[in-house]
Q: 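Dropping a structure here in structure tokens format, bear with me for questions.
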Amino acid sequence: MTPAPPDPRVAEALAVFRRGAVDLIEPSELEARLVASRDARRPLRVKFGMDPTSPDLHLGHAVQLLKLRAIQELGHRIVLIVGDATAMIGDPSGRNKLRPPLSRAAIDANLATYVEQAGRVLDMSSTEVRRNSEWFDRMRFEDVLKLLGRATVARMLERDTFEKRMAEGEPIGVHELLYPLMQGWDSVMVEADLELGGTDQLFNLLRGRDLQVQEGQAPQVCFTMPLVNGADGRKMSKSYGNAIGLTEPPFEMFQKLVRTVPDTALADWFTLLTQVPEGEVRALLAGDHRAAALRLAGEITGFFHGAQAAREAREEYERRARGAGPGDVEERPWPPEFAGQSMPLANLLAALGIVSSTSDARRRVQAKSIRLDGAVVEDALIPVSQARLPMVVATSKTKFVRIV
RNA sequence: GGGGAGAUUCCGGAGCGGCCAAACGGGCCAGACUGUAAAUCUGGUGGCUCAGCCUUCGGCGGUUCGAAUCCGCCUCUCCCCA
């Protein structure tokens with residue numbers, strides 16, 4: 001047998017897969033698949049699961065989506081699995097509790113949102129979307145037992161999260177043990193060549209390999225991407241409130257990026273969320289980290305909103321940094337129930353929801369953090385009449401609202 | 001089925017019947033410093049017509065001049081044994 005001739009395109013493709021990846025099982029298999037794909041002119045089927053219970057996507061998801069996009073550009077096919085059947089269990093990764101089953105309508109709505117948002121990264125028109133209820137709903141009890149027989153309890157319990165929960169005396173639902181098997185079964189049903197997931201997914205991904213082998217298929221290549229952390233150091237997640245959403249307006253996105261990225265994560269974020277070449281990243285990091293953070297924010301904001309919007313976001317950001325006040329700020333109309341009247345500032349701010357209560361307004365004034373058209377407010381009760389509008393209220397150095 | 005523990009302000013968690021709007025920590029919000037980052041430091045964090053007043057300590061009653069603190073019932077959690 002002669003070894004396959006070195007193919008620069010295969011090597012290039014391998015590099016695309018590898019950039020930023022944590023686990024790759026097995027590299028040799030991936031290479032073999034790439035070669036076979038090239039020879040047979042058959043795109044690889046790359047499986048990726050989405051959770052139909054929480055459709056709002058953030059940069060953590062973008063890491064995976066960007067990788068999928070890159071793979072798409074290599075000519076391979078993305079198979080998006082909608083876990084509507086598995087959603088009834090809830091992925092036991094993480095310490096979450098049982099989830100209430102979703103209605104079909106809710107899943108449809110979530111899926112639509114997901115597709116819209118993922119479409120900002122992926123080419124959805126060439127993405128194959130499959131719901132796993134397609135096969136799970138057809139299973140008879142006998143089939144379920146057969147699937148269950150494919151794994152041992154000990155094997156399932158190896159899983160870190162289960163181990164931890166056992167140790168801590170936390171309950172583990174018997175059906176939760178089924179989750180990895182279901183995910184694995186999806187791989188069998190769509191004949192996946194590869195599966196991508198977050199590092200927390202490795203266990204589940206590997207179950208796909210086991211099941212495929214047992215079903216006479218070639219085992220899928222599994223590879224994982226890192227989870228990114230939010231500003232608080234915890235895994236980026238909507239529920240932690242530390243997520244940067246894909247749909248956020250340019251300025252918000254830019255600002256959060258600059259503020260969120262710890263210096264230590266700069267390199268990773270460049271690798272995972274931008275196309276900036278490794279060499280250039282190294283050069284950036286050798287210089288001013290602040291400049292690097294701005295560049296990062298510009299790259300990512302530019303990807304989602306276009307170069308023009310990214311440039312404007314950066315200008316706005318720098319304008320505010322100089323303390324020059326905002327360009328565009330949110331506007332709030334004078335409360336209609338007080339039309340034509342004059343009212344104490346504290347009450348006005350509370351009525352507009354700019355502060356949470358008049359007491360809150362008083363405290364902020366005491367702390368000298370409220371400014372009216374640039375001037376620090378000394379008295380929370382100064383009367384403000386509608387006649388002097390518009391005016392700009394600042395509740396901090398960077399937060400402004402224009403009352404009109 | 002049996003036995004125990006507990007429900008306090010966003011969270012955790014203190015709280016001799018009066019000095020408790022309630023310690024302390026976390027979170028959050030301002031401010032200082034900075035790179036509008038991280039770290040650190042300071043102040044704030046129920047409401048109001050605000051040097052005072054009002055409403056909070058699972059729910060409903062009761063005792064008392066006075067209760068988050070004592071009593072009764074109710075609801076709900078958690079743990080242990082079987």
Side-chain angles (χ1 to χ4, degrees), chain A residues 59 95 97-98 165 167-171 228-244 248-270 273 284-301 312-329 338 341-372 374-384 393-401:
Chain A
L59 288 183
R95 69 276 142 243
K97 306 202 162 140
L98 293 190
R165 279 161 72 181
E168 289 170 4
E170 294 283 317
V228 299
N229 291 332
D232 54 5
R234 293 187 293 177
K235 171 180 156 186
M236 186 175 283
S237 158
K238 192 102 181 171
S239 52
Y240 291 156
N242 62 358
I244 301 176
E248 299 204 29
F251 176 73
E252 303 298 319
M253 184 178 272
F254 189 95
Q255 181 183 48
K256 284 190 186 178
L257 277 162
V258 176
R259 309 225 285 211
T260 299
V261 189
D263 283 3
T264 50
L266 274 170
D268 286 344
W269 284 41
F270 269 112
L273 292 163
L284 275 165
L285 293 178
D288 180 14
H289 280 194
R290 179 163 187 271
L294 288 170
R295 170 73 187 279
L296 176 76
E299 289 285 338
I300 296 174
T301 306
E312 285 167 12
R314 178 167 180 155
E315 282 163 15
E316 173 72 12
Y317 180 87
E318 290 179 334
R319 178 160 50 237
R320 293 199 195 188
R322 286 194 304 270
D328 296 319
V329 285
F338 297 101
Q341 298 176 39
S342 167
M343 59 198 296
L345 179 66
N347 296 271
L348 175 63
L349 299 185
L352 291 172
I354 292 170
V355 298
S356 60
S357 66
T358 59
S359 299
D360 187 27
R362 286 168 189 264
R363 282 183 220 110
R364 287 169 183 273
V365 165
Q366 196 144 25
K368 301 209 183 302
S369 61
I370 303 257
R371 279 168 297 148
L372 221 49
V376 173
V377 175
E378 301 288 346
D379 176 7
L381 300 179
I382 51 166
V384 180
V393 179
T395 49
S396 79
K397 288 164 75 173
T398 55
K399 291 181 196 158
F400 304 87
V401 176

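No experiment lies behind these values; they were computed from the predicted model shown. Just so it is clear, the values below take in all heavy atoms, side chains as well, and ignore hydrogens, waters and symmetry mates. Every chain is numbered from 1 and lettered A, B, ... according to where its sequence line falls, protein lines coming before strand lines.
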Q: Is the shortest heavy-atom distance from the side chain of A/F338 to the side chain of A/N347 under 4.5 Å?
A: no
Q: Rounded to whole angstrom, note down the C1' distance from B/C48 over to B/U56.
A: 14 Å
Q: Whole angstroms only, please: what is the CG-P distance between A/D360 and B/C28?
A: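 Whole-Å distance recorded here is 16 Å.
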Q: Using Watson-Crick or G-U wobble geometry with both distances under 3.5 Å, which nucleotide pairs with B/A5?
A: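 Partner of B/A5: B/U77.
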Q: Provide the distance between the two C1' atoms, one in B/C33 and one in B/C24, to the nearest whole Å.
A: 27 Å
Q: Say we look at B/A5 and B/G58: how far apart would their C1' atoms be, to the nearest angstrom?
A: 16 Å
Q: Ignoring hydrogens and angles, does a donor from either the side chain of A/S359 or the base of B/C50 sit under 3.5 Å from an acceptor on the other?
A: yes
Q: Would a distance-only check, ignoring hydrogens and angles, find a side-chain to backbone donor-acceptor pair under 3.5 Å from A/R314 to A/F251?
A: no
Q: What is the distance, rounded to the nearest whole Å, between atom CZ of A/R362 and atom C1' of B/C48?
A: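 So the two atoms are 8 Å apart, to the nearest Å.
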Q: How far does the P atom of B/C29 sit from the matching atom of B/G46, given to the nearest Å?
A: 16 Å
Q: What interatomic distance, in whole Å, is found between C1' of B/G35 and the corresponding atom of B/U40?
A: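 Nearest-Å result for B/U40 against B/G35 at atom C1': 16 Å.
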Q: With a 3.5 Å limit on both atom pairs, tell me what B/G12 is paired to, counting Watson-Crick and G-U wobble, or say none.
A: B/C24
Q: To the nearest Å, give me how far apart CG (A/L348) and P (B/U49) are.
A: 13 Å
Q: If I compare all heavy atoms of A/E378 with all of A/K368, which pair ends up nearest, and what's the gap?
A: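 In terms of heavy atoms, the two residues are closest at OE1-NZ, 2.9 Å.
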Q: Please determine, for B/U42, whether a Watson-Crick or G-U wobble partner exists with both distances under 3.5 Å, and give it or none.
A: B/A30
Q: Let me spell it out: for each of A/A293 and A/S356, pick the nucleotide of RNA chain B with the closest heavy atom. Which residue's pick is nearer the 5' end?
A: A/A293
Q: Could you work out which one of B/C29, B/G47, B/G31 sits closest to the side chain of A/S396?
A: B/G31
Q: Report the distance from atom OG1 of A/T301 to atom OH of A/Y317, rounding to the nearest 0.5 Å.
A: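 Interatomic distance, A/T301 OG1 to A/Y317 OH, rounded to 0.5 Å: 11.5 Å.
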Q: Of the options B/G35, B/A30, B/G44, whose atoms approach the side-chain atoms of A/S369 most closely?
A: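 For A/S369, the side-chain atoms sit closest to B/A30.
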Q: Given the C1' atoms of B/U9 and B/G27, what is the spacing between them in whole Å?
A: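 Result for the C1' pair: 14 Å, nearest Å.
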Q: Between A/R314 (CZ) and B/G35 (P), how many Å, whole number?
A: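 Nearest whole value for this atom pair: 15 Å.
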Q: Considering only the P atoms, how many Å lie between B/C71 and B/U63, rounded to the nearest integer?
A: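 The answer is 15 Å between these two P atoms.
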Q: Could you say whether A/A367 or A/H289 is positioned toward the 5' end of RNA chain B, judged by the nucleotide with the nearest heavy atom to each?
A: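 Taking each residue's closest nucleotide, the earlier one in sequence belongs to A/A367.
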Q: Report the distance from atom CD of A/Q255 to atom P of B/A37, rounded to the nearest whole Å.
A: 10 Å
Q: Quick one: CZ on A/R362 to CG on A/L349, what's the gap to the nearest 0.5 Å?
A: 12.0 Å
Q: Look at the side chain of A/T358 and decide which nucleotide, out of B/C48, B/G35, B/A30, has an atom nearest to it.
A: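 Given the options B/C48, B/G35, B/A30, the side chain of A/T358 is closest to B/C48.
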Q: For B/C48, does either OP1 or OP2 sit under 4.0 Å from a side-chain N or O belonging to A/N347?
A: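 It does not, given that no N or O in the side chain of A/N347 lies less than 4.0 Å from OP1 or OP2 of B/C48.
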Q: Using atom NZ of A/K397 as one end and atom P of B/A37 as the other, report the distance to the nearest whole Å.
A: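 Between P of B/A37 and NZ of A/K397: 9 Å.
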Q: Rounding to a whole Å, what distance do you find between A/L381:CG and B/U49:C1'?
A: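 Checked: the CG to C1' distance equals 9 Å.
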Q: With both distances under 3.5 Å as the test, what is the Watson-Crick or G-U wobble partner of B/U36?
A: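 Check on B/U36: unpaired, no WC or wobble geometry under 3.5 Å.
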Q: With a 4.0 Å cut-off on heavy atoms, is A/S357 in touch with a base, just the backbone sugar-phosphate, or nothing at all?
A: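 It contacts sugar-phosphate atoms only.
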Q: Nearest whole Å is fine: how far is B/A38 P from A/L296 CG?
A: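 It is 15 Å, rounded to the nearest whole Å.
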Q: So which nucleotide does B/A51 pair with, by the Watson-Crick or G-U wobble rule with both distances under 3.5 Å?
A: none
Q: If we take the P atom in both B/G59 and B/U64, what is their distance in whole Å?
A: 23 Å
Q: Could you tell me the separation between the CG atom of A/L266 and the CG atom of A/L284, rounded to the nearest 0.5 Å?
A: 9.0 Å
Q: Can you confirm whether more than 12 heavy atoms, excluding those of A/Q366, are under 6.0 Å from its CD atom?
A: no
Q: Within less than 4.0 Å of OP1 or OP2 of B/A30, is there a side-chain N or O belonging to A/K399?
A: yes
Q: My understanding is that a pair needs two contacts under 3.5 Å, Watson-Crick or G-U wobble. By that rule, which nucleotide pairs with B/G18?
A: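 The answer is B/C65, by the H-bond criterion.
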